Amino acid sequence: MNSHVRHIVLPLIAAFIWGTAFVAQSIGAETLGPFAFNAMRSVVAFIVLATGLLVYALFRRKLQVIVPREKVKKLLIGGVCCGTVLTVASYLQQTGIAYTTSGKAAFITALYIVLVPILGLFLRKRANVFVWVGVVAAVAGLYLLCVKEGFSLAMGDIYVILCALVFSVHILTVDHFAAEVNGVALSCVQFLTMTVWSAIGMLFFEAVPWEQTSEFLWPVLYVGVFSSGVAYTLQIVAQKGANPTVVSLLLSLESVFGVLAGALIQDEKMLPREYIGCALMLVAVLLAQIPSKRNNKEASV
């Protein structure tokens with residue numbers, strides 16, 4: 001796949017999956033604590049990804065096709081780092097959602113589109129002026145799309161603000177390791193790490209209502225396979241060689257897809273401000289695709 005197409009299409013697919021999976025995540029959260037829900041979704045993701053890797057290795061009859069021996073250490077370090085950061089971000093988000101509205105949670109979480117380029121400056125990952133304008137447009141669009149009541153901060157919102165910060169770190173951590181190792185293998189180790197950390201938290205702090213398995217089984221499977229296993233892997237593959245700020249803008253479209261899914265599937269009516277918010281998000285993404293003069297010079301070399 002052409003790299004430019006990969007950098008655009010894969011984040012869009014991931015955003016679509018995350019946006020449409022919100023209902024399943026909310027249903028699961030009604031019976032499971034954040035550690036338990038994240039432990040179950042991540043172990044499902046790990047099993048799916050590990051099975052896919054093993055089938056591919058058996059087909060090629062060579063495990064080193066996936067992980068060359070000299071890159072095993074980098075893969076393990078990268079997977080543990082990404083998985084640890086994702087564990088913290090997912091816990092904060094799941095906890096915050098329980099104490100705030102879904103709209104405010106979606107808006108605050110997506111503020112990683114501002115935090116990623118700011119943090120990226122410290123890592124010498126600069127974005128052009130069109131991307132910065134796109135970030136401003138995206139924040140305005142997300143506010144119109146997600147926040148339907150007066151905006152004030154409560155305890156749940158603070159959890160989600162911290163979640164947005166940690167998600168920003170996760171995007172930059174993935175950006176650092178994705179160029180070095182196989183993306184699917186990195187995602188596999190990431191979710192194994194998340195499973196271990198979340199399971200430890202579950203054992204110490206939560207009780208699992210196993211008698212209610214029928215109520216949370218399908219949400220866990222759906223989120224585990226699609227939202228975790230597929231979407232986060234697409235994020236890793238998409239970020240390989242891409243500008244993390246541009247990818248974060250594309251990923252933030254999950255809020256748009258979530259609102260559109262509610263309108264189409266659950267017959268929820270969209271307000272004029274929500275249509276304007278969607279339009280601003282689209283403008284933001286289009287602005288982020290405009291190459292700077294610097295990029296044009298580099299491409300011509």
Side-chain angles (χ1 to χ4, degrees), residues 14-51 79 82-110 146 154-167 170 187-233 235 254-255 257-258 261-262 265-266:
F16 175 79
I17 293 172
W18 286 334
T20 55
F22 180 76
V23 175
Q25 187 174 343
S26 299
I27 293 173
E30 292 176 0
T31 51
L32 292 175
F35 280 124
F37 185 81
N38 288 331
M40 292 182 189
R41 68 182 285 190
S42 56
V43 75
V44 170
F46 169 73
I47 291 171
V48 170
L49 293 171
T51 302
C82 292
T84 300
V85 176
L86 184 59
T87 301
V88 176
S90 298
Y91 172 80
L92 290 170
Q93 183 186 54
Q94 198 74 8
T95 303
I97 286 175
Y99 299 103
T100 189
T101 64
S102 59
K104 286 174 68 177
F107 170 68
I108 296 172
T109 300
C146 301
M155 181 56 68
D157 302 323
I158 295 174
Y159 275 107
V160 184
I161 288 173
L162 293 174
C163 156
L165 177 61
V166 181
F167 265 129
H170 179 256
S187 187
C188 190
V189 178
Q190 168 181 256
F191 282 110
L192 177 60
T193 303
M194 183 174 171
T195 298
V196 172
W197 285 125
S198 298
I200 291 173
M202 178 184 71
L203 291 173
F204 278 94
F205 302 108
E206 297 173 2
V208 179
W210 296 109
E211 68 280 0
Q212 297 177 274
T213 300
S214 60
E215 296 181 24
F216 62 74
L217 178 61
W218 288 111
V220 165
L221 289 176
Y222 183 83
V223 176
V225 173
F226 294 103
S227 183
S228 297
V230 176
Y232 277 108
T233 303
Q235 176 203 345
E254 65 177 292
S255 298
F257 288 124
I265 299 172
Q266 298 179 312

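In this chain, residues are counted from 1 in sequence order. Predicted, not measured: the structure shown is a model, and the values here were computed from it.
- Annotation for C163 and A89: closest pair SG-O, 3.7 Å, computed over non-hydrogen atoms.
- With contacts defined as side-chain heavy-atom distances shorter than 4.5 Å, the pair N38/T87 does not qualify.
- When all heavy atoms are compared, the tightest approach of R41 to S228 is NE-OG, 2.9 Å.
- Counting heavy atoms from C-beta on, the side chains of Y232 and M194 never come closer than 4.5 Å.
- Atom CD1 of residue I47 and atom SG of residue C188 lie 10.0 Å apart, to the nearest 0.5 angstrom.
- In this structure, CD on Q94 lies 9.0 Å from CG on L32, to the nearest 0.5 angstrom.
- Put simply, the side chain of S42 does not reach to within 4.5 Å of the side chain of Q190, judged on heavy atoms.
- Within 6.0 Å of CZ on F216 lie more than 12 heavy atoms contributed by other residues, nucleotides or ligands.
- In this structure, A45 and G229 approach most closely via the heavy-atom pair CB-N, 3.6 Å.
- Here L217 contributes atom CG and T31 contributes atom OG1; the two are 10.5 Å apart, rounded to the nearest 0.5 Å.
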- Just do the side chain to side chain contact (heavy atoms under 4.5 Å, CB included) check on F191 and L86 with the steps written out, would you? CA-CA 9 Å; F191 282 110; L86 184 59; 3.9 Å; yes

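- Partner of Y91 under the ring-ring contact (aromatic ring centres under 6.0 Å, His included) criterion, out of F167, F35, F37: F35 alone.
- Ring-plane geometry between F226 and Y222 is classed as tilted, the angle between the planes lying from 30 to 60 degrees on a 0 to 90 degree scale.
- Nearest heavy-atom pair across S187 and L49 is OG-CD1, 3.4 Å.
- Residues A39 and A199 approach most closely at CB-N, 3.8 Å, considering heavy atoms.
- Minimum heavy-atom separation, G79 to T193: O-OG1, 3.6 Å.
- Judged purely by atom type and a 3.5 angstrom limit, S198 has no side-chain atom pairing as donor or acceptor with the backbone of T195.
- The backbone N or O of W210 lies less than 3.5 Å from a partner atom in the side chain of T213, making a donor-acceptor pair.
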